Amino acid sequence: MKAGVIAVQGDVSEHADAIRRAGDRRDESTTVVEIRKSGIVPECDVVLVPGGESTTISKHLHREGIAEEIRAHVAAEKPVLATCAGLIVLSRDAKDDRVDPLGVIDVTVDRNAFGRQRDSFEAAIDVEGLDEPFHAVFIRAPAIDDVGKGVEVLARWDDRPVCVRDGPVVGSSFHPELTDDPRIHDLAFAPEREVEA
Ligand code: GLN
């Protein structure tokens with residue numbers, strides 16, 4: 001499997017490690033490449049959009065022509081995992097003019113709804129498809145407000161959706177790369193293979 005991690009900002013190497021760990025668990029060899037320019041997404045089986053600053057990431061994706069490639073990747077039903085700022089960038093509406101969202105996750109988001117940097121927190125949350133709770137780390141995390149018809153809510157915290165699936169795309173408000181647990185990466189990138197195993 002070839003995995004591409006958008007490498008503008010955020011926990012690029014932590015995500016790459018989690019993708020490799022998830023691959024090891026399935027006995028699948030995984031190549032991880034960093035994406036800063038166009039031309040690489042079309043070669044990838046799966047794509048990850050990390051957290052960071054959604055304004056910066058969104059600008060970069062549009063400027064470099066990567067935004068269109070991600071849309072084509074999703075239209076081809078290939079998996080994407082978007083975390084925190086990544087979720088904001090891939091949403092339908094971020095309710096902020098400084099973010100030009102790609103609209104591949106049919107949700108609206110409220111940037112920083114879960115507080116500023118000092119308000120970051122951790123919580124064990126139940127996630128649909130995982131047998132044990134997942135230890136979720138929230139950092140200036142967005143909340144998901146309006147969920148479109150075709151979107152499945154996989155997890156909630158404080159009664160608000162924090163992890164969703166829209167077709168081949170999984171979005172999470174929290175940072176699954178900050179623990180040793182690769183189950184969210186698995187959930188996004190190998191749902192059927194997991195079941196078969
Ligand atoms: N709230 C940030 C934003 O709007 C995202 C924070 C994060 O990715 N940890 O971009």
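Residues: numbered from 1 along the sequence shown. Worth saying up front: this structure is predicted, and the values here are computed from it rather than measured. Computed from heavy atoms alone, side chains included, the values below leave out hydrogens, waters and symmetry copies. First listed ligand is number 1; within each ligand, the first listed atom is number 1.
Between atom 2 (C) of ligand 1 and the options Val137, Asn112, Asp110, the minimum heavy-atom separation is to Asn112.
In this structure, Arg25 pairs ionically with Asp186, as a charged nitrogen and a carboxylate oxygen lie closer than 4.0 Å. Between Asp100 and Lys59 there is no salt bridge, since no side-chain nitrogen of the basic residue lies less than 4.0 Å from a carboxylate oxygen of the acidic one. Ionic pairing of Asp126 and Arg156 is not present here: no N-O contact between side-chain nitrogen and carboxylate oxygen is shorter than 4.0 angstrom. Ion pairing between a basic and an acidic side chain is recognised when a charged N comes within 4.0 Å of a carboxylate O; Asp145 and Lys95 show such pairing.
Shown in contact with Cys84 at under 4.0 Å from a heavy atom are these atoms of ligand 1, numbered in order with element: 5 (C), 6 (C), 7 (C), 8 (O), 9 (N). Of all atoms in ligand 1, numbered sequentially from 1 with element shown, those under 4.0 Å from a heavy atom of Gly51 are 8 (O). Set against the non-hydrogen atoms of Ser54, the atoms of ligand 1 under 4.0 Å away are 3 (C), 4 (O), 10 (O).
In Val99, neither the side chain nor the backbone holds a heavy atom less than 4.0 Å from any atom of ligand 1. Within the 4.0 Å heavy-atom criterion, the part of Arg111 lying near ligand 1 is the side chain and not the backbone.
Residue Thr55 has no nitrogen or oxygen atom sitting less than 3.5 Å from a nitrogen or oxygen atom of ligand 1, judged on distance alone. Considering backbone and side-chain N/O atoms, Gly52 comes within less than 3.5 Å of an N/O atom of ligand 1. Distances between N or O atoms of His175 and those of ligand 1 include at least one value under 3.5 Å. Inclusion of Ile139 in the set of residues having an N or O under 3.5 Å from an N or O of ligand 1 is warranted.
The two residues Thr179 and Phe134 have their closest heavy-atom pair at OG1-CZ, 4.0 Å.
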>> If you apply the rule side chain to side chain donor-acceptor pair (under 3.5 Å), what do you find for Arg140 with Ser120, and how did you get there?
In response: CA-CA 6 Å; Arg140 291 188 302 123; Ser120 300; over 6 Å; no
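In terms of modelled atom types and a separation under 3.5 Å, the side chain of His60 and the main chain of Arg36 share a donor-acceptor contact.
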